[in-house]
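We name chains A, B, ... by the order of the sequence lines, and we start the count at 1 in each one.
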Amino acid sequence: MYKLIKNPFGEDNMVLRLSDNANIPFSEDNRDYQEYLKWLAEGNTPEPADSE
Amino acid sequence: MAGTLTVDTIQSDSSYASTLNVASKINFSGGMQIGGQDATFGGMRNRIINGDMRIDQRFVGAATTNAINDFVVDRWVVGQTTTGKLIAQQNLNSLTPPPGFTTYLGVTSQSAYSIGSSDIFRIYQTLEGYNIADFGWGTANAITATLSFWVRSSLTGLFGGAFNNAAGRYPFSYTINSANTWEYKTITIVGSTTLGAANITNGSGISIQFSLGTGTTYSGTAGVWSATNYLSATGTTSVVGTSGATFYVTGVQLEKGSAASPFEYRSYGQELALCQRYYEKSYDTLTAPGTVTTSGVVYTTNSSDSAGSLVAHVPFSVPKRTGPTITLYNANFASTTGTWRYARSGVSETSYNMVSLYPGTRAFNCYGNTVAAWTPAYQYGHWTADAEL
């Protein structure tokens with residue numbers, strides 16, 4: 001469902017929604033991020049970011 | 001001259017029926033009221049954005065699939081708790097819109113679906129808190145407002161909807177008298193001093209719902225504020241309950257005051273800019289995202305960084321409500337996301353993975369790893385930015 005994305009400095013930067021490759025920022029006002037937080041609260045875990 | 005001019009009857013003459021003609025200026029030094037409530041002439045008198053359904057950046061007039069459970073025309077969602085029951089489209093079935101309008105939003109029921117108690121089928125728009133804060137709902141300063149709209153359906157009878165937010169709901173009902181005929185409706189809502197307190201910043205202020213079929217769990221008494229999560233009025237028509245049934249709406253206006261004024265017609269550019277606070281794309285306005293085209297692509301020529309990342313900076317035309325969700329599209333392949341095209345010396349043009357970086361309300365960046373440090377190259381692609389409520 002989701003995969004973490006790192007920035008060029010190796011920090012978690014965003015969440016990739018795998019169904020449509022949407023890049024979701026860590027913004028509490030973003031509706032897609034709110035959906036991601038609900039998904040996490042249900043006990044799910046995103047795929048880890050690719051290693052640099 | 002101080003005082004009040006009261007007009008009981010406006011006489012008609014041979015040229016004008018029931019018209020007050022003023023040869024000089026009208027001075028509203030004390031403000032203007034409609035139906036006893038303070039009102040305004042302009043400056044966003046209508047709080048609904050894209051109330052006439054003109055702006056359709058996502059689908060550009062094309063029909064949705066019956067799996068739609070998201071935005072159709074800008075700012076308007078078609079929601080289905082059980083997908084597959086509705087298709088939606090700007091100007092569905094190419095009807096003649098109501099007078100003064102060129103566009104509308106329509107839905108067609110795909111089956112005769114018997115709604116369950118928790119089902120919700122609806123068209124709705126959520127207003128940002130900043131745009132509704134002065135209504136004062138849920139406070140001692142709550143004002144009266146009026147919703148007006150044009151509606152048409154293949155069905156007749158009692159239809160429903162609601163204003164709702166986390167702090168209160170106000171179900172309403174209206175009657176469609178004649179099948180397949182545009183009818184103009186108004187709903188006046190007296191603001192509650194205790195319920196419906198809205199977010200007053202960039203979050204969800206209030207939603208306006210038009211029900212297409214709402215289960216009993218979410219149906220309540222019309223015309224009464226409630227703390228219960230009602231999204232429509234009790235006993236209203238289910239559009240999804242009849243296969244092939246249609247429902248169309250346009251000219252939606254929410255304004256201060258207890259009477260509806262004529263629809264506030266804004267220029268196309270103004271309305272598009274209002275929509276772009278919530279959704280913007282690199283594609284031409286009348287080109288759907290995912291289309292194969294280089295018109296409007298972001299195109300950069302530069303060198304990669306030491307890690308081989310080639311970065312593009314993309315400013316928005318309109319600042320966003322919040323940091324948006326970014327989707328990157330390949331300009332050369334239809335409906336292909338997550339990649340752009342690039343080329344560098346010794347490497348022919350090819351597609352490669354792109355992700356966004358540091359999205360803010362005014363701009364975002366994106367980069368792909370070309371795995372060739374400090375190499376001059378070019379890259380190009382499209383994007384959408386979604387900051388919807």
Side-chain angles (χ1 to χ4, degrees), chain A, chain B residues 67 69-71 77 126 128-130 199 201-204 278-279 289-290 304-311 314 320-330 335-340 353-361 364-371 373 381 383-389:
Chain A
M1 286 286 289
Y2 296 98
K3 180 179 180 178
L4 295 171
I5 305 173
K6 289 188 183 299
N7 64 22
F9 310 107
E11 304 158 333
D12 285 341
N13 170 54
M14 284 210 178
V15 179
L16 180 68
R17 187 169 58 205
L18 296 173
S19 60
D20 60 358
N21 288 318
N23 297 185
I24 302 168
F26 297 145
S27 169
E28 292 187 357
D29 291 326
N30 181 297
R31 66 184 180 121
D32 296 315
Y33 185 62
Q34 292 166 358
E35 284 296 314
Y36 170 69
L37 293 178
K38 283 184 193 173
W39 183 81
L40 283 181
E42 292 167 358
N44 298 297
T45 305
E47 295 180 18
D50 294 333
S51 55
E52 292 296 318
Chain B
N69 191 29
D70 208 339
F71 288 86
V77 173
T126 301
E128 186 176 347
Y130 282 129
N199 176 298
T201 59
N202 67 337
S204 299
Y278 307 93
Y279 181 87
S304 73
D305 62 14
S306 59
S309 294
L310 201 60
V311 179
V314 184
K320 297 289 165 282
R321 181 189 66 84
T322 188
T325 296
I326 304 294
T327 303
L328 301 164
Y329 288 83
N330 194 306
S335 303
T336 300
T337 56
T339 62
W340 275 13
N353 292 334
M354 287 288 286
V355 294
S356 58
L357 179 69
Y358 309 135
T361 59
F364 73 97
N365 303 276
C366 56
Y367 73 100
N369 196 309
T370 64
V371 198
W383 56 270
T384 61
D386 186 334
E388 268 292 357
L389 287 160

Between [options], which shows the greatest number of heavy-atom pairs under 4.5 Å with chain A?
options                                    : value
Thr339(B), Thr327(B), Thr322(B)            : Thr322(B)
Val355(B), Leu389(B), Ile326(B)            : Ile326(B)
Gly323(B), Gly203(B), Gly338(B), Ser356(B) : Ser356(B)

Let me know if Asp29(A) has heavy atoms under 4.5 Å from chain B in its side chain, its backbone, both or neither.
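Its backbone and side chain both get close to chain B.
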
Please look at Ile24(A) and chain B and tell me whether the side chain, the backbone, both or neither of the residue comes under 4.5 angstrom of a heavy atom of that chain.
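Contact with chain B: backbone and side chain both.
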
Got a second to check how far Asn23(A)'s CG is from Thr325(B)'s OG1, nearest 0.5 Å?
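Separation between the atoms: 8.5 Å.
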
In this structure, are over 12 heavy atoms from other groups packed under 6.0 Å from Glu28(A) atom CD?
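It does not: Glu28(A) CD has 12 such atoms or fewer within range.
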
When you measure from the side chain of Asn21(A) to the backbone of Thr337(B), do you find a donor-acceptor pair of N or O atoms at a distance under 3.5 Å?
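Yes; at least one donor-acceptor contact below 3.5 Å.
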
Atom of Arg321(B), atom of Arg31(A) and distance for their closest heavy-atom approach
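Of all heavy-atom pairs spanning Arg321(B) and Arg31(A), the closest is NH2-N, 4.5 Å.
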
What are the two closest non-hydrogen atoms of Tyr358(B) and Asn13(A), and how far apart are they?
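Taking every non-hydrogen atom into account, N-OD1, 3.8 Å.
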
For Phe364(B), which atoms come within 4.5 Å of any heavy atom of chain A: side chain, backbone, both, or neither?
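Neither part.
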
